[in-house]
Amino acid sequence: MPATQRRGRRIMMTPGELDLFLTEQRTCRVATVSADGRPHVSTLWFAWDGASLWLYSITRSRRWADLRRDPRVAVVVDTGEEYAELRGAELSGSVEFVGEAPRTGAPNPALEQAERLFARKNFGLDDMPHDGRHAWMRLTPESIASWDFRKLAVQ
């Protein structure tokens with residue numbers, strides 16, 4: 001169970017709102033720490049299965065190398081242009097690497113749901129295309145902080 005949000009409770013999303021938000025959104029920003037201690041932030045598409053964020057990353061990326069060395073990560077998913085529209089969530093914890101790297105598409109029951117969700121959401125397909133350059137990471141968050149500034153207008 002993720003840590004409870006202590007600040008910003010007035011604008012935090014309910015569990016149902018958060019689940020819907022993460023299911024609908026497509027793009028996240030992934031923050032890692034490089035070997036020299038410098039932060040690195042990159043953008044990825046993701047899938048949310050109701051408990052974990054699934055990230056499909058190029059295995060020859062700086063992000064992948066950073067997380068292989070140190071699996072701790074923070075991920076932000078957000079949307080909105082105007083102040084009163086801002087919504088988002090920060091999920092943090094440690095990633096787990098799931099399946100072969102790079103992914104070739106060999107049957108893997110642990111990836112069936114994630115690949116189905118990802119393929120439908122991002123490609124409009126029922127089956128995941130594999131290019132032999134990407135692989136899967138799963139973030140089951142240890143903490144989540146969320147915000148929905150639209151709730152300020154209701155007060």
Side-chain angles (χ1 to χ4, degrees), residues 1-33 40-59 61 63-64 66-68 70-81 84-131 133-152 154:
M1 187 68 163
T4 303
Q5 184 169 336
R6 295 179 194 216
R7 297 181 62 183
R9 287 186 179 168
R10 196 169 101 192
I11 60 171
M12 74 185 249
M13 295 182 200
T14 66
E17 291 168 341
L18 180 64
D19 188 60
L20 182 62
F21 177 75
L22 293 173
T23 299
E24 291 176 341
Q25 295 302 309
R26 180 181 215 177
T27 305
C28 67
R29 281 171 274 298
V30 179
T32 62
V33 178
H40 175 62
V41 180
S42 56
T43 304
L44 279 179
W45 282 349
F46 69 92
W48 173 252
D49 69 8
S52 297
L53 200 71
W54 289 85
L55 305 168
Y56 196 54
S57 176
I58 292 178
T59 59
S61 66
R63 168 186 51 249
W64 185 268
D66 287 351
L67 290 169
R68 284 305 253 182
D70 181 349
R72 294 175 300 167
V73 67
V75 177
V76 171
V77 180
D78 63 344
T79 190
E81 296 295 323
E85 300 171 343
L86 299 177
R87 294 183 298 151
E90 178 190 25
L91 300 85
S92 60
S94 295
V95 297
E96 294 176 71
F97 296 87
V98 182
E100 79 271 22
R103 179 88 171 110
T104 61
N108 186 328
L111 293 172
E112 284 177 10
Q113 180 186 20
E115 289 189 339
R116 186 175 54 255
L117 290 169
F118 193 92
R120 286 181 183 160
K121 180 180 185 178
N122 296 306
F123 303 123
L125 301 172
D126 287 329
D127 296 313
M128 183 74 187
H130 298 96
D131 63 8
R133 300 176 341 153
H134 290 77
W136 287 103
M137 295 177 283
R138 175 178 52 216
L139 171 61
T140 303
E142 296 167 16
S143 67
I144 300 175
S146 66
W147 55 93
D148 184 347
F149 284 24
R150 300 174 308 169
K151 292 181 177 189
L152 293 174
V154 177

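Just so you know, these numbers come straight off a predicted model, no measurement behind them. Numbers for residues simply follow the sequence, beginning at 1.
- Side-chain contact between R103 and L111 is present, with heavy atoms from C-beta onward closer than 4.5 Å.
- Contact of the Q113 side chain with the W54 side chain is not registered, since no non-hydrogen atoms from C-beta on lie closer than 4.5 Å.
- Within the 4.5 Å cutoff, side-chain heavy atoms of Q25 are placed close to those of R87.
- Looking at heavy atoms from C-beta onward, R63 lies in side-chain contact with L44 at the 4.5 angstrom threshold.
- By the 4.5 Å heavy-atom criterion applied to side chains, L91 and W48 are counted as neighbours.
- Two residues are said to be in side-chain contact when any heavy atoms from C-beta on lie closer than 4.5 Å; S94 and E142 meet this criterion.
- Using a cut-off of 4.0 Å between Lys/Arg side-chain N and Asp/Glu carboxylate O, D126 and R120 are scored as salt-bridged.
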*What do the steps show when you test L55 against C28 for side chain to side chain contact (heavy atoms under 4.5 Å, CB included), and what is the final call?*
CA-CA 9 Å; L55 305 168; C28 67; 3.7 Å; yes

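- No donor-acceptor contact under 3.5 angstrom links the side chains of S52 and R138, judged on distance only.
- By the 6.0 Å contact criterion, CZ on R26 is enclosed, its count of non-hydrogen atoms from other residues, nucleotides or ligands being greater than 12.
- Residues W136 and E115 bring a donor and an acceptor atom of their side chains to less than 3.5 Å of each other.
- A 4.5 Å side-chain heavy-atom check between V30 and L139 finds every atom pair outside the cut-off.
- With sequence neighbours excluded, the residues forming a side-chain contact (heavy atoms from CB on, under 4.5 Å) with A51 are D49, listed by chain and number.
- In D127, the CG atom is not crowded: 12 or fewer heavy atoms of neighbouring residues, nucleotides or ligands sit closer than 6.0 Å.
- Salt bridge absent: R150 and E17 never bring a charged side-chain N and a carboxylate O closer than 4.0 Å.
- Contact of the I11 side chain with the L152 side chain is registered, since non-hydrogen atoms from C-beta on lie closer than 4.5 Å.
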